[in-house]
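Notes follow once the structure below has been shown.
In listed order, ligands and their atoms are each counted from 1. Because the structure is predicted, anything quoted here is derived from the model rather than measured.
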Amino acid sequence: MQRILSPSMLSADFGHLERDTRMIDASAAQWVHIDVMDGVFVPNISFGFPVMKPIRKATQKLLDVHLMIVEPEKYVERFVTAGADLVTFHYEATHDIEGCIDRIRRAGAQVGISIKPATDPEVLRPWLAKIDLVLVMSVEPGFGGQSFIPGSLEKIARLRSMIDEAGLQTIIEVDGGISAANARAVFDAGAEALVAGSAVFGAADPAAEIVRMLEA
Ligand code: DX5
Ligand code: ZN
């Protein structure tokens with residue numbers, strides 16, 4: 001299985017967004033993770049379209065956009081226009097899963113669906129063949145720097161079985177509390193892509209920390 005690292009720009013220095021994006025661009029990380037929060041779906045507000053611009057300009061890597069917003073169907077096309085290569089919305093945030101998937105695809109991006117820690121991975125079964133990625137939240141969405149919820153490993157393993165039994169290629173991505181200390185356990189449970197914010201940007205040598213996680 002492949003191993004992908006997607007550093008979360010939520011933990012970058014917003015006064016030096018271009019510099020920090022170029023640093024990730026030069027690193028071994030394959031993707032760049034963008035956390036969009038609306039203050040309604042989660043109790044925090046991060047940033048929107050204008051802030052994606054300097055990030056998109058500073059890297060050719062896959063822009064992995066994680067929408068923590070209600071009614072994502074209203075905005076998904078605009079995120080693709082703003083440069084998203086992959087748009088992930090929350091299962092809990094919409095009544096129109098099918099509409100979200102279709103809009104993202106028609107706009108030309110890859111599609112992901114994310115579930116919060118309390119959501120049963122079983123709800124994703126009907127959608128797995130129609131999407132490119134599932135994002136398992138291993139903390140409550142809304143903030144960086146939280147601790148990994150250990151029960152997430154079992155959810156990842158269940159999704160791995162569902163995807164393998166159906167003969168699908170759907171990528172499992174995991175987000176929240178990931179560091180070099182638990183990266184191996186998360187990959188071993190069946191994840192292919194890890195998001196890391198504070199572990200990357202809080203490290204003395206972020207590029208070396210990325211390699212440590214990829215080689216954990
Ligand atoms: C949380 C975000 C995460 C966050 C991860 O709601 O979705 O992407 O930036 O931060 P760490 O790696 O610090 O848990
Ligand atoms: Zn995220």
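Ranking protein heavy atoms by distance to atom 6 (O) of ligand 1, first place goes to Gly142 N, 2.7 Å. The shortest contact between atom 14 (O) of ligand 1 and any protein heavy atom is with Gly177 N, 2.8 Å. Given atom 13 (O) of ligand 1, the protein heavy atom at minimum distance is Ser198 OG, 2.5 Å. Protein heavy atom at the shortest distance from atom 2 (C) of ligand 1 is Asp35 OD1, 3.4 Å. Among protein heavy atoms, the minimum distance from atom 1 (C) of ligand 1 is reached at Phe143 O, 3.6 Å. Given atom 12 (O) of ligand 1, the protein heavy atom at minimum distance is Gly197 N, 2.7 Å. Protein heavy atom nearest atom 10 (O) of ligand 1, with residue, atom name and distance: Gly144 CA, 3.5 Å. At the shortest separation from atom 9 (O) of ligand 1 among protein heavy atoms lies Ser8 OG, 2.9 Å.
A cation-pi arrangement, defined by a distance under 6.0 Å to the six-membered ring centre and an angle within 45 degrees of its axis, is present between Lys116 and Phe41.
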Residues Asp205, Arg212; criterion salt bridge (charged side-chain N to carboxylate O under 4.0 Å, His left out); working and verdict: CA-CA 11 Å; Asp205 183 346; Arg212 279 180 71 202; over 6 Å; no
Check against side chain to side chain donor-acceptor pair (under 3.5 Å), Asp35 and His33: CA-CA 7 Å; Asp35 287 300; His33 189 81; 2.9 Å; yes
Evaluation steps, side chain to side chain donor-acceptor pair (under 3.5 Å), between Glu71 and Thr94: CA-CA 5 Å; Glu71 300 183 37; Thr94 179; over 6 Å; no
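Every atom of ligand 1 is numbered from 1 in the order shown, and the set under 4.0 Å from a heavy atom of Gly176 is 14 (O). Here is the list of ligand 1 atoms found below 4.0 Å of a heavy atom in His33: 8 (O). Close approach to Pro141 involves these atoms of ligand 1, each under 4.0 Å from a residue heavy atom: 6 (O). Atoms of ligand 1 found under 4.0 Å from any heavy atom of His66 (numbered from 1 in listed order, with element): 7 (O). Close approach of ligand 1 to Met68 is summarised as follows: ligand atoms under 4.0 Å from at least one heavy atom of the residue are 6 (O), 7 (O). Heavy-atom proximity to Ala196, at under 4.0 Å, picks out these atoms of ligand 1: 12 (O). Which parts of ligand 1 touch Val195 is read off a 4.0 Å heavy-atom cut-off, strictly below it: atoms 8 (O). Heavy-atom contacts of Met37 reach the following atoms of ligand 1: 6 (O) (cutoff under 4.0 Å).
Both Val111 and Leu128 are assigned to one and the same hydrophobic cluster, defined by single-linkage of ILVMFWY side chains at heavy-atom distances under 4.5 Å. Met137 and Met9 are not part of a single hydrophobic cluster, where members link through side-chain heavy atoms under 4.5 Å apart. Leu86 and Leu194 sit in two unconnected hydrophobic clusters of ILVMFWY residues. Membership requires side-chain heavy atoms under 4.5 Å apart, directly or through other members.
The closest approach between a heavy atom of Asp175 and any atom of ligand 1 is below 4.0 Å. Residue Ala199 places no heavy atom under 4.0 Å from ligand 1.
When you scan the N, O or S atoms of Asp175 for the one nearest the Zn ion (ligand 2), you land on OD2.
Taking the Zn ion (ligand 2) as the corner point, the angle from Asp35 atom OD1 to His66 atom ND1 is about 90° (rounded to 10 degrees).
In this structure, CG in Leu135 is found 11.5 Å from CD1 in Ile171, a value given to the nearest 0.5 Å.
Between Lys61 and Asp85, none of the side-chain N atoms (NZ, or NE/NH1/NH2) sits under 4.0 Å from a carboxylate O, so this pair counts as no salt bridge. A salt bridge is defined here as a Lys NZ or Arg NE, NH1 or NH2 lying under 4.0 Å from an Asp or Glu carboxylate O, and Lys155 with Asp120 fails to meet this definition.
A donor-acceptor contact closer than 3.5 angstrom is absent between the side chains of Gln30 and Ser6.
Counting all heavy atoms, side chain and backbone alike, Gln146 lies closest to Glu140 at NE2-O, 2.8 Å.
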